[in-house]
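Contents: one structure, followed by commentary.
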2 protein chains.
Amino acid sequence: MIGDRIKKRRLEKNMSISQLANKTGIVKSYLSSLERSLQKNPSIQILEKISHVLEIPLDSLLHDKASDSRSSSGSIDDEWLCLVREATNSGITKEQFQAFIDSKSNEKRKRPVERKDG
Amino acid sequence: MIGDRIKKRRLEKNMSISQLANKTGIVKSYLSSLERSLQKNPSIQILEKISHVLEIPLDSLLHDKASDSRSSSGSIDDEWLCLVREATNSGITKEQFQAFIDSKSNEKRKRPVERKDG
DNA sequence: GTTTTTTAATACGATCGCCTATCATGGGAA
DNA sequence: TTCCCATGATAGGCGATCGTATTAAAAAAC
């Protein structure tokens, strides 16, 4: 959860809750409840302050990254980036890719997975 | 402001406030007040729903692209990353994507270029 | 060993985020 | 012309966010 990631990053930066509170202007009681996931839906202004002081992109705070325990599952790793570069170099457009995604999604919905074709 | 960017992106996607409300599950009155900057500090869950449906990274919603983005022509920009996330969320594998790229490349090679533009 | 400081947690309250309900306007169909 | 629907805006209210104040425990200083 986001609280876990905030705490993890804060410890990586060798920072206490009080120090983070001082630098962000957010009271430490709220930071404590965020880190312990008692609060789970902070506002964007709160999160931007935290990500700025912790020097980490918002996306990395919000979602698991490769550095977390679950790596490369659901996240974009170098292989995907290579494929995207290859696609753009081949002249494939975003619209074409969007259509491809839609078609694959529709395939999965229409037919349960049983087809085994090469 | 963030409301301006939400509206701009919504219009780019040819979507009304009511349609965006239906897809995000956020009431249109709140979306309207966000776009008109009557509300300026939405929660992260609200913003994630909006950015997901509008297919735009959070950072692009939060900040002007010109001032923040490092993307340049030819490289992978935020929209591509968004599409890739959508693809992985749909269960599309790298192998499937690679096959798609190959098929598109072969399509282009099989059909000789008849357009003479320049 | 005692005191001070730092750290994190807890209780409570005020403001605001985001909801429901409704209104005003314009376009299309009957 | 009237009715229906979609669109965007407005009013009011409840529950959540995020603040203040305080407490408890551990570490550092004397």
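Fair warning: this is a prediction, and the values are worked out from it, not measured in the lab. Residue numbers begin at 1 in each chain, while the letters A, B, ... track the order of the sequences.
The residue among B:Ser43 and B:Leu11 whose nearest nucleotide of DNA chain D is located toward the 5' end is B:Leu11. When the nearest nucleotides of DNA chain C are assigned to B:Lys28 and B:Ile44 by heavy-atom distance, the more 5′-ward of the two goes with B:Ile44.
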Under the side-chain contact (heavy atoms from CB on, under 4.5 Å) criterion, do B:Gln19 and B:Lys13 qualify, and how do the steps go? CA-CA 11 Å; B:Gln19 285 170 322; B:Lys13 306 291 286 185; over 6 Å; no
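Going from atom CG of B:Leu11 over to atom OG of B:Ser16 covers 10.0 Å, rounded to the nearest 0.5 Å. For the atom pair CD1 of B:Ile6 and CG of B:Leu34, the computed distance is 5.0 Å after rounding to the nearest 0.5 Å.
Between the CD atom of B:Glu35 and the C1' atom of D:dT10 there is a distance of 16 Å, rounded to whole Å. B:Gln39 places its CD atom 13 Å from the C1' atom of D:dT10, with the value rounded to the nearest Å. The separation between B:Gln45 atom CD and D:dA16 atom P is 12 Å, rounded to whole Å. Distance A:Lys40 NZ to D:dA16 P: 12 Å, rounded to the nearest Å. Rounded to whole angstrom, the span from the CD1 atom of B:Ile6 across to the P atom of D:dG8 amounts to 14 Å. Nucleotide C:dT10 holds its C1' atom 15 Å from the CG atom of A:Leu34, rounded to whole Å. In this entry the distance linking CG of B:Leu38 with P of D:dG12 reads 15 Å, nearest Å. Residue B:Asn41 contributes atom CG, which lies 5 Å from atom P of C:dG17 at whole-angstrom precision.
A donor and an acceptor atom sit less than 3.5 Å apart, one in the side chain of A:Ser29 and one in the base of D:dT20. Scanning atom types as modelled, no donor and acceptor separated by under 3.5 angstrom connect the side chain of A:Ser33 and the base of C:dT10.
For the pair A:Glu55 and A:Arg9, the salt-bridge criterion is not met [side-chain N within less than 4.0 Å of a carboxylate O].
Regarding contacts with the backbone of C:dA8, every side-chain N or O of A:Arg36 stays at 4.0 angstrom or more from both OP1 and OP2. Residue A:Ser16 places at least one side-chain N or O under 4.0 Å from the OP1 or OP2 atom of C:dT7. Put simply, B:Arg10 has a side-chain N or O that comes within less than 4.0 Å of OP1 or OP2 on D:dG8.
The 12-atom threshold is not exceeded at NZ of B:Lys23, counting heavy atoms of other residues, nucleotides or ligands nearer than 6.0 Å.
The side chain of A:Ser32 lies closest to C:dT10, out of D:dA9, C:dG17, C:dT10.
When side chains are defined from C-beta on, A:Leu54 counts as touching A:Leu20, because their heavy atoms get closer than 4.5 Å. Taking the side chain as every heavy atom from C-beta outward, A:Asp4 and A:Lys7 never approach each other to under 4.5 Å.
Taken residue by residue, residues 17-27 of chain A places heavy atoms nearer than 4.0 Å to DNA chain D at A:Ile26, A:Val27.
No contact: A:Leu31 has no heavy atom under 4.0 Å from any strand.
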